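This is a predicted model, so every value here is computed, not measured. Numbers restart at 1 for each chain; the letters A, B, ... are given by sequence-line order, proteins then strands.
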Number of protein chains: 4
Amino acid sequence: MLPTGEPKFKRRKADRPEEIVAAALEVFTDKGFAAARLDDIAAGAGVSKGAIYLYFATKEDIFRAVVEQNVAPNLDLVRQAVASHQGSFPALLRGLIGGLSHVVDESPAGAIVKIVIGEARNFPELARVWHDRLVAPALAAMSGAIAAAQARGELRAGDSRQYAVSLVAPLLMGVLWRETFTPIGAEPFDIPALAEQHVELWLRGVLAEPEAVR
Amino acid sequence: MLPTGEPKFKRRKADRPEEIVAAALEVFTDKGFAAARLDDIAAGAGVSKGAIYLYFATKEDIFRAVVEQNVAPNLDLVRQAVASHQGSFPALLRGLIGGLSHVVDESPAGAIVKIVIGEARNFPELARVWHDRLVAPALAAMSGAIAAAQARGELRAGDSRQYAVSLVAPLLMGVLWRETFTPIGAEPFDIPALAEQHVELWLRGVLAEPEAVR
Amino acid sequence: MLPTGEPKFKRRKADRPEEIVAAALEVFTDKGFAAARLDDIAAGAGVSKGAIYLYFATKEDIFRAVVEQNVAPNLDLVRQAVASHQGSFPALLRGLIGGLSHVVDESPAGAIVKIVIGEARNFPELARVWHDRLVAPALAAMSGAIAAAQARGELRAGDSRQYAVSLVAPLLMGVLWRETFTPIGAEPFDIPALAEQHVELWLRGVLAEPEAVR
Amino acid sequence: MLPTGEPKFKRRKADRPEEIVAAALEVFTDKGFAAARLDDIAAGAGVSKGAIYLYFATKEDIFRAVVEQNVAPNLDLVRQAVASHQGSFPALLRGLIGGLSHVVDESPAGAIVKIVIGEARNFPELARVWHDRLVAPALAAMSGAIAAAQARGELRAGDSRQYAVSLVAPLLMGVLWRETFTPIGAEPFDIPALAEQHVELWLRGVLAEPEAVR
DNA sequence: TATGAATGAGTTTTCATTCAT
DNA sequence: CATGAATGAAAACTCATTCAT
């Protein structure tokens, strides 16, 4: 049942900022920050150009909102992925990477990653936000889990941070491939499938007793 | 008596284009295409703004030159890396990835990768050039080698193209990390070391008889 | 209390294009197309430079608008001049040329003529518009009327198109004199008087029975 | 037999200024002053751009030379046309206008006329040169001859200066038509034929005893 | 003299931001 | 709150002019 009272053709003003950010995400992903035009964002959000300035002081502010708004959800996703899986280390990892692969495959996270990479030099404070609040913690969590497993004797010796990179890099590459080469007709990757095969590879490569791996 | 100091005019037609492209690479890497200013490129090349237009018709042309000029050298590097290593499949791979890790660590290739990712939507024809002439062939070569090794029974079953991604993705991540997060003070990665540990991981994960791996 | 003075922003969308075209006519007449500066047009129209681009995509577009907007009015003037006069052929002609002489003397038509002549090579499509929609039809109409009068035996034999040129050329010369030499202090011409004397000359020169001419 | 000593592929330096002016005439006629490019003039003259500055200080100077160099020859032509014909007033006129019609039909005079009209506002001193040294004297000479004939009773009463305009205007129109509308495919005029028919018209229209006209 | 690469001031055009409505 | 016309500060690009060769 629809909520009554509000005519559906009249958008709630409270929704405006989100709609603008959503439209901005699309335009920024498409064009990058500098080439994005406020007109396009306004049109995408179904709003006048002037209205944007009721919610955001500058174009940079919109950009900041786009990038920052996607830190928290992604952080939550990582946390949930970690928390929601019990059991053995391999099982945990399968769940984590499998979950992440679906997240990056379906959420705007992939697009945001591309934006952050492309604009890190022009917006270092945003790169820092993403690094400090999402990427570094996530990497640290994985490195920590790996190191713990190494300490338990489950994993081989080696640099745990590098092992973490070995683990997640294909997800990054899959996402960037989708953003970069798929639009021009390149053969796409099935990111969940890629992730699945890669986790097994990784486990065999790092487990102290790889025979145990399926 | 000769006038001292810097003459206002310098004639160096032959060198100019390269100098401009080199300066442009830096500015484009730093700012992206749209935010790059001709003034900055000119200043970087030690040339007046007008002089640039003696060699390039538009800003886009400079950009194209930057991206295209870096396809061939990189392709050559990949070819050499493949060709210069003999021996067993593991040895070949160690040589290839080790070589590549040094290339991306030291050449402007990493910066170009970032540029291509960031501007692929605005310059699809450049994304296509990079894909068709460099990325796709390189990936195909690796997939082919992997598939051949699988056929020989040296490697486990699995999607060879995905295995190739599993192999090279950490290099890409290392490069992008350097471009994105190292400038803001993040802990850097030692790309050759990362590559070395990763190859061993990969080999253990894919070889049919992993015990053989060191 | 109302704020006094000139507000920085004025909203007059409906009037703007005409104001810009009017200002542009003046500047183009004065300087020609290439030497005309958008700043001058903007200043003449009491508008910022950017505002022009709300209504015209390029400087050329403004020029086109100036030239094309003056085809239709002039065509109408010719038509009216032809239509509004009855009576004998001499009376018709006196009315037509007399009317035209006032038109070119008072409307911007004269200035436009100068512009079209000066820019015909750079804007051939505009020369074509002026030729096809105004000059050629008008000339054809006169030639036709002359030929008809010749067929009736009222006029002497001779090339009717050339007779038409003989008839209107002094008007053209009068206008161009005004645009070219009067501004530098040359003795001006009284175009209507010139036209009046010329029509009588022409009639005596072409009528089969010139005695009848006043 | 060719003059010896000078290889024909090596132009005499003394000719350079004229070659440049000749090339400039063409370019200025084609594009107008502002849109004319020194590169084009240099290319047309078979000279480097820098060489032009050995003979002319500025682009304006070249333009001045083009316009001024064509005053004297044309003045001479008018003088000769007037001087070379004896006999009755009608015969004189037939000779004069007939001669002029060939001059404007074949010499660059027509192109210069167009240039002077188009650039009179930007180069008032050139318009003045043309007016004071060529157009006004020529018009005065004709007016004077007409007034004298009127005093002799050969011509009807009327404004002699206006009669002069009635006489020469078709030549002007013929030339401008050629410059303006013929290039876009308009039906051209045979200027000498036009002139011939017009002179007879004019004579019949102005002679006190038109029966005498052929 | 002659060349043409190089300069830099000037012009068109864009677009984030403002503000009258 | 919302609109979108208007502003004005960039920024790409042009080309007359200069000058090292």
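Separating the NZ atom of C/K31 from the P atom of E/dG10 is a distance of 15 Å, rounded to the nearest angstrom. Computed from coordinates, the C/L54 CG to E/dC15 C1' distance equals 11 Å when rounded to whole Å. Atom CZ in A/F63 sits about 16 Å away from atom C1' in E/dA16, given to the nearest Å. For the pair C/D39 CG and E/dT12 P, the interatomic distance rounds to 7 Å; values are reported in whole Å. Counting to the nearest Å, the P atom of E/dT13 and the OH atom of C/Y55 are 18 Å from each other. Atom pair D/F56:CZ and F/dT18:P shows a separation of 16 Å (rounding to whole Å applied). If you take CD1 of B/I52 and C1' of F/dA11, they are 13 Å apart, rounded to a whole angstrom. The distance from atom CD of D/E60 to atom P of F/dA16 is 12 Å, rounded to the nearest whole Å.
The side chain of A/Y53 lies closest to E/dT17, out of E/dA6, F/dC13, E/dT17. Among the nucleotides E/dT7, F/dA16, F/dA5, the one closest to any side-chain atom of B/S48 is E/dT7. For B/K59, whose side chain is taken as the heavy atoms from C-beta onward, the closest listed nucleotide among E/dA16, F/dC13, F/dC1 is F/dC13. With distances taken from any side-chain atom of C/R37 to the nucleotides E/dC15, E/dA6, E/dT12, the minimum falls on E/dT12. Among the nucleotides F/dC13, F/dT3, F/dA10, the one closest to any side-chain atom of A/A51 is F/dT3.
In terms of position on DNA chain E, the residue among A/T58 and C/F33 whose nearest nucleotide sits closer to the 5' end is C/F33.
When side chains are defined from C-beta on, D/N122 counts as touching C/K31, because their heavy atoms get closer than 4.5 Å. Within the 4.5 Å cutoff, the side chain of D/Y55 has no heavy atoms near those of the D/I62 side chain.
Qualifying side-chain contact (heavy atoms from CB on, under 4.5 Å) partners for B/A72, counting only residues two or more places apart in sequence or in other chains: none. Qualifying side-chain contact (heavy atoms from CB on, under 4.5 Å) partners for D/D30, counting only residues two or more places apart in sequence or in other chains: C/R121. For C/V129, the side-chain contact (heavy atoms from CB on, under 4.5 Å) test picks out C/E68, C/V71, C/R133, with sequence neighbours left out. Under the side-chain hydrogen bond (donor to acceptor under 3.5 Å, both in side chains) criterion, D/N70 pairs with no residue at all, not counting sequence neighbours. Every residue meeting the side-chain contact (heavy atoms from CB on, under 4.5 Å) condition with C/E60, not counting sequence neighbours, appears here in chain and number order: C/F33, C/T58, C/R64, C/F123.
Residue contacts for D/A36: at a heavy-atom cut-off of 4.0 Å it reaches the sugar-phosphate backbone alone, with no base atom in range. C/A34 comes within 4.0 angstrom of nothing in the nucleic acid, heavy atoms only. B/L38 comes within contact range of the sugar-phosphate backbone alone, with a heavy-atom separation under 4.0 Å but no base atom that close.
Using a cut-off of 4.0 Å between Lys/Arg side-chain N and Asp/Glu carboxylate O, C/E125 and C/R128 are scored as not salt-bridged.
Regarding contacts with the backbone of F/dC1, every side-chain N or O of A/R16 stays at 4.0 angstrom or more from both OP1 and OP2.
Between the side chain of A/K49 and the base of E/dT17 there is at least one donor-acceptor pair of N/O atoms closer than 3.5 Å.
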Nucleotide-level pairing of DNA chain E, given in dot-bracket where Watson-Crick and G-U pairs need both distances under 3.5 Å and | marks other strands: .||||||||||||||||||||

